[in-house]
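Just so it is clear: chains get the letters A, B, ... in the order the sequence lines come, proteins before strands, and each one is counted from 1.
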Amino acid sequence: MCGRYVSTATPEQLVAEYHVEQVCLDAPLPPRWNVAPTQPVYVVATEREPEPRRQLGTMRWGLVPSWEKRATPGAGLINARAETVATRPAFRSALRRRRCVVPADSFWEWRAGPGGSRQPFAIARRGGATLAFAGLWEPWRDPASPERVLRSVAIITTAANRRLAEVHERMPVVLDAPALDRWLDPGTLDPGLLLPLLVPAPEDGWEVWPVGARVNSVANDGPDLLEPAAG
DNA sequence: CCAGACGTTGTT
DNA sequence: GTCTGG
DNA sequence: CCAGACGTTGTT
DNA sequence: GTCTGG
């Protein structure tokens with residue numbers, strides 16, 4: 001799955017990489033090596049009005065369905081399964097109209113061991129290429145103050161490819177450039193054209209290595225979390 | 001009809 | 001065990 | 001995802 | 001909001 005990741009890009013880098021036309025930020029997010037659910041994350045989405053434009057903003061990681069009474073029932077929906085995203089009430093309308101991309105450098109997975117032990121791994125593309133996670137977002141309005149909108153996001157997961165299945169059976173959907181363009185095209189409403197994008201990334205070209213347990217705690221942050229450890 | 005769920009993951 | 005917070 | 005809390009009362 | 005279960 002994907003419950004923790006690395007995001008160190010600056011807004012300027014994201015604007016260039018994703019051909020963003022409009023930046024909508026209160027303040028830039030700092031570089032983070034331990035991004036966790038409930039935290040604000042960068043999101044690239046297509047603003048529809050007055051005309052389609054690619055927009056960079058921040059949203060809360062952990063999708064809050066619009067019908068929720070409270071904004072924060074725990075972490076919210078941090079992942080959405082590709083296999084069921086077209087039919088689940090929590091995600092169906094977002095699949096049609098609120099697709100987005102969550103930029104990342106790399107991500108963390110925990111391999112289950114005997115006796116309930118959990119060994120964390122870092123997963124990155126060989127050569128350091130960045131990752132575009134497929135996401136869905138949702139606006140939420142507090143009934144008491146509907147003028148304020150909370151935007152939250154879920155990362156779509158799929159079956160792990162054979163390489164990553166060594167560590168974990170699920171992985172985030174990682175979009176290549178053509179898939180990303182299709183995913184962010186607001187004219188695409190047919191799930192039949194979208195679901196084929198939500199497949200496991202090719203198994204070649206990944207680096208996977210065990211890291212220390214410091215990544216377990218969200219209080220720890222820094223590039224040292226990526227240092228290889230015995231595993 | 002109304003009430004209640006609506007999500008994923010992992011672990012046992 | 002289960003929920004909340006990060 | 002993992003870590004850490006999980007409760008009430010009264011008094012300062 | 002919308003669907004499912006009773």
Side-chain angles (χ1 to χ4, degrees), chain A residues 1-7 29-42 58-98 102 104-124 131 133-143 146 149-150 152-160 164-174 191 198 200 208 210-222 225-226 229 231:
Chain A
M1 64 128 22
C2 184
R4 215 74 79 75
Y5 68 94
V6 177
S7 170
L29 299 176
R32 293 290 319 281
W33 287 265
N34 203 353
V35 178
T38 72
Q39 296 175 346
V41 298
Y42 283 124
T58 63
M59 297 188 191
R60 176 193 193 266
W61 182 15
L63 185 146
V64 181
S66 53
W67 60 74
E68 285 287 355
K69 311 271 186 303
R70 299 175 47 216
T72 56
L77 310 175
I78 72 172
N79 293 137
R81 291 177 66 88
E83 297 90 333
T84 54
V85 76
T87 53
R88 290 280 188 264
F91 303 123
R92 209 173 44 147
S93 67
L95 178 66
R96 280 176 60 85
R97 299 190 59 90
R98 289 181 301 281
V102 179
D105 301 9
S106 54
F107 60 101
W108 310 102
E109 295 283 8
W110 281 259
R111 186 174 69 188
S117 64
R118 311 275 294 162
Q119 167 66 51
F121 284 76
I123 300 174
L131 306 172
F133 296 152
L136 298 173
W137 70 275
E138 188 76 19
W140 182 86
R141 287 172 184 81
D142 188 338
V149 179
L150 171 73
S152 60
V153 62
I155 293 171
I156 301 178
T157 64
T158 186
L164 271 51
E166 296 167 17
V167 171
H168 198 84
E169 63 175 12
R170 305 288 298 173
M171 67 177 288
V173 171
V174 178
L198 304 180
V208 181
V211 297
R214 270 170 45 78
V215 71
N216 290 3
S217 173
V218 298
N220 296 323
D221 195 13
L225 298 181
L226 289 164

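Taking atom CH2 of residue A:Trp137 and atom C1' of nucleotide B:dG7, one finds them 19 Å apart after rounding to whole Å. Atom CG of A:Asn34 is separated from atom C1' of C:dG6 by 9 Å (rounded to the nearest Å). Taking atom CD of A:Gln39 as the reference point, atom P of D:dA3 lies 15 Å away to the nearest angstrom. Rounded to whole angstrom, the span from the CG atom of A:Leu63 across to the P atom of B:dC6 amounts to 15 Å. One interatomic measurement links the two molecules: CZ of A:Arg81 to P of B:dC6, which rounds to 15 Å at whole-angstrom precision. Atom CD in A:Glu83 sits roughly 14 Å away from atom P in B:dG7 (whole-Å rounding). If you measure from atom CZ of A:Arg92 to atom C1' of E:dG1, you get 10 Å, rounded to the nearest angstrom. One can place CZ of A:Arg4 at 16 Å from C1' of B:dT8, the figure rounded to the nearest angstrom.
A donor-acceptor contact shorter than 3.5 Å is absent between the side chain of A:Arg81 and the backbone of A:Glu83. With hydrogens and angles ignored, the 3.5 Å screen pairs no side-chain donor or acceptor of A:Asn79 with any backbone N or O of A:Gly3. Distance alone, capped at 3.5 Å, is enough to place a donor-acceptor pair between the A:Asp221 side chain and the A:Trp33 backbone. No donor-acceptor pair closer than 3.5 Å links the side chain of A:Arg88 to the backbone N or O of A:Ala80.
A sub-4.0 Å separation between OP1 or OP2 of B:dT8 and a side-chain N or O of A:Thr84 is present. Using a 4.0 Å cut-off, some side-chain N or O of A:Arg88 falls inside it from OP1 or OP2 of B:dG7. Side-chain N/O atoms of A:Arg170 include none lying less than 4.0 angstrom from OP1 or OP2 on B:dT8. Taking 4.0 angstrom as the limit, A:Arg118 places a side-chain polar atom (N or O) nearer than this to OP1 or OP2 of B:dT11. At B:dT9, none of the side-chain N or O atoms of A:Asn79 fall inside 4.0 Å of OP1 or OP2 (strictly under the cut-off).
C:dT2 and B:dC6 have their P atoms separated by 16 Å, with the value rounded to a whole Å. Annotation: D:dT9 and C:dG1 have their P atoms spaced 29 Å apart (nearest Å). Rounded to whole Å, the P atom of D:dG10 lies 37 Å from the corresponding atom of B:dA3. Taking atom P on both B:dG7 and D:dT8, the two are 32 Å apart, rounded to the nearest angstrom. Taking atom P on both nucleotides, B:dG4 is separated from C:dG5 by 25 Å, rounded to a whole Å.
Between A:Val102 and A:Tyr5, the closest side-chain pair of non-hydrogen atoms falls below 4.5 Å. Using a 4.5 Å cut-off on side-chain heavy atoms (C-beta onward), A:Val35 and A:Tyr42 make no contact.
Among the atoms of the strands shown, base atoms are found under 4.0 Å from some heavy atom of A:Ala36. A:Ile78 comes within 4.0 angstrom of a nucleotide base, judged by non-hydrogen atoms across all strands. Within 4.0 Å (heavy atoms only), A:Tyr5 reaches no atom of the nucleic acid at all. Residue contacts for A:Ser93: at a heavy-atom cut-off of 4.0 Å it reaches no nucleic acid atom on any strand shown. Note on A:Glu138: nothing from the nucleic acid sits closer than 4.0 angstrom, heavy atoms only. Residue contacts for A:Pro37: at a heavy-atom cut-off of 4.0 Å it reaches a base atom on one of the strands shown. In this structure, A:Ala154 reaches neither bases nor backbone, as no heavy-atom distance under 4.0 Å exists between it and the strands shown. Residue-level contact check: A:Thr38 touches the bases, meaning some heavy atom is under 4.0 Å from a base atom.
Looking at the side chain of A:Pro89, the nearest of the listed nucleotides E:dG1, D:dC1, B:dT8 is E:dG1. Closest approach to the A:Ala90 side chain among C:dG6, B:dG7, B:dT11 is made by B:dG7 (side chain taken as heavy atoms from C-beta onward).
Partners of A:Arg98 according to the salt bridge (Lys or Arg N to Asp or Glu O under 4.0 Å) rule, which considers only residues two or more places apart in sequence or in another chain, are A:Glu138.
Side chains of A:Trp108 and A:Asn34: a donor-acceptor N/O pair is absent below 3.5 angstrom, by distance only.
Taking 3.5 Å as the limit, the base of B:dC6 and the side chain of A:Trp67 contain a donor-acceptor pair of atoms between them.
Here the CG atom belonging to A:Asp105 is positioned 6.0 Å from the OG atom belonging to A:Ser7, to the nearest 0.5 angstrom.
A stem is defined here as three or more consecutive Watson-Crick or G-U pairs, each with both distances under 3.5 Å; for DNA chain C these stems are C:1-6 with D:1-6.
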